[in-house]
Amino acid sequence: MNVLVTGGAGYIGSHACQRLVRDGHTVVALDSLDRGHREPMALLGADDPESLLTFVEGTVGDRQLVSRLLAEHAIDTVMHFAALAYVGESVDDPMRYYRTNVEAGVALVDACVDAPAVTRFIFSSSCATYGDPPEGMVPVPESCPQVPTSPYGRTKLMLEDVLRDTARACAQSSRDLRVAMLRYFNVAGSDRSGTLGEDHTPETHLIPVAIHAAMGKRDHMSIFGTDYPTADGTCVRDYVHVEDLIDAHVRVAERLESAPTEPLAYNVGIGLGYSVREVLDAVKRVSGVEFEVREAPRRTGDAVALYAEPAKIQAELGWHAQVTDLDEIVASAWRWMSAHPAGYAGA
Ligand code: UFG
């Protein structure tokens, strides 16, 4: 495949570049470096002219640049990771989310439609498109009503709609463009070779924040809400290992070779829910550090319990999460973060 990976210098996108290059595919990583890092690109060989990986700094909303890259590199597959992904930030600054995730996303889809060699488009969607699932819908199947509760979730659902409409219009006009949407649950961990990691500024995700507390980079960590109707009063999430998530992309790309023209949508999660307290206990076990945990009020917009029903992706793509043990997921995040206390800046 000749793949355009948008957001290729970000946490998930860089893991996609690593896997695709390992599998012998040609990859163009496009990233604005707004939240991505140049270092993982260099670590994956992008500075070597012989490498299968080319890094381009730019935005997906730059229609001219994207069209040129699609043509020059004979791109046949687009994996669209580039996006802003903080629920809280999207509530405070919705326009930034609509511009980056929707407006730029639409420009990218438009450019792809006009590039005849592009026949596969795989979109990073989110379980945030489900909002707070109704009773009886957790574990969450793909048929769960999509009623997002945050601007972030709405931007992801909007681009899903754009892609569904585009795929149908393409099918009617015999333009061969096949679309898949992967709805991620909580992505965690880092590659097992130890090259890549998770380095966000700001960092708000539970596992890295807890690891920062264990590393002494913060003096405590807070649990947002201890009075939820769950077994231990804290929110429950589905933590999927980033390499398993990327494996789902590779499998869906293969499936799109022969798939019907109807857009595909899959949940990507392990199908097990872990509470915030369980995650913190795992971080303490793995790190061997007893950091301070404070109980804090609920965080606006948090769903009570969100974990996937992964039966569809298992049946249709043969995908199973290889990592389902919480300590193993946490350990893979801990290994890179504890070895890189300054993140990529110190790599
Ligand atoms: N949490 C804490 N303390 C912290 C950080 C998080 O208690 O310092 C809790 C949150 O309240 C939540 C859980 O840990 O209950 C997980 O929070 P994260 O911020 O790690 O992840 P979210 O579930 O909020 O967000 C993730 C993805 C989003 C996606 C969303 C869908 O990061 O991109 O799932 O629910 F949209």
Side-chain angles (χ1 to χ4, degrees), residues 7 10-13 35 81-91 94 97 100-101 123-133 137-140 144 146-160 181-189 198 200 202-214 217-240 242 245 267-270 273-283 291-308 326 329-330 333 337:
Y11 164 50
I12 301 175
R35 292 203 166 152
F81 298 94
L84 296 171
Y86 294 117
V87 172
E89 186 180 65
S90 78
V91 174
Y97 275 68
T100 306
N101 295 3
F123 172 53
S124 305
S125 189
S126 170
C127 65
T129 60
Y130 296 120
D132 231 329
M137 282 277 185
V138 180
V140 186
C144 179
Q146 289 181 286
V147 189
T149 51
S150 68
Y152 167 69
R154 278 188 280 279
T155 65
K156 289 288 174 182
L157 182 56
M158 281 179 192
L159 209 64
E160 280 202 12
M181 287 154 302
L182 298 181
R183 298 181 189 140
Y184 307 170
F185 283 68
N186 291 50
V187 188
E198 183 170 11
H200 290 122
E203 186 53 83
T204 63
H205 293 125
L206 180 64
I207 292 176
V209 166
I211 288 177
H212 282 164
K217 287 182 78 171
R218 42 190 304 151
D219 62 6
H220 73 281
M221 85 150 288
S222 302
I223 301 181
F224 300 138
T226 52
D227 59 349
Y228 284 102
T230 59
D232 66 15
T234 66
C235 292
V236 169
R237 294 288 183 275
D238 180 322
Y239 296 90
V240 58
V242 64
L245 174 80
N267 286 338
V268 194
I270 65 175
Y274 291 112
S275 74
V276 173
R277 285 193 202 279
E278 285 176 315
V279 171
L280 298 186
D281 288 345
V283 174
F291 51 87
E292 184 187 342
V293 174
R294 295 186 193 159
E295 297 192 356
R298 292 181 177 196
R299 188 171 71 175
T300 313
D302 273 343
V304 180
L306 266 180
Y307 55 99
L326 186 55
I329 297 173
V330 167
M337 291 181 72

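Just follow the structure's listing: the first ligand is 1, and inside any ligand the first atom is 1.
Here the heavy atom of the protein found nearest to atom 11 (O) of ligand 1 is Asp302 OD2, 2.5 Å. Here the protein heavy atom with the shortest distance to atom 3 (N) of ligand 1 is Ser222 O, 2.7 Å. Residue, atom and distance of the protein heavy atom nearest to atom 7 (O) of ligand 1 are Phe224 N, 2.9 Å.
The aromatic rings of Phe81 and Tyr184 sit tilted, their planes meeting at an angle between 30° and 60°.
Residue Asn186 has at least one N or O atom closer than 3.5 Å to an N or O atom of ligand 1. In terms of polar-atom proximity, Tyr239 is not counted as a contact of ligand 1, lacking any N or O under 3.5 Å from an N or O of the ligand.
The part of Arg299 lying near ligand 1 is the side chain, judged by heavy-atom distances below 4.0 Å. Contacts with ligand 1 closer than 4.0 Å are made by no heavy atom of Arg298, backbone or side chain.
Relative to atom 5 (C) of ligand 1, the option among Val209, Val304, Thr204 with the closest non-hydrogen atom is Thr204. The nearest non-hydrogen atom to atom 20 (O) of ligand 1, considering only Leu206, Thr226, Val293, comes from Leu206.
Within the structure, ligand 1 lacks Ala303 among the residues with a heavy atom less than 4.0 angstrom away.
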Inset, instruction - Run the numbers on Met181 and Lys156 for side-chain contact (heavy atoms from CB on, under 4.5 Å), then give the verdict. - result: CA-CA 10 Å; Met181 287 154 302; Lys156 289 288 174 182; over 6 Å; no
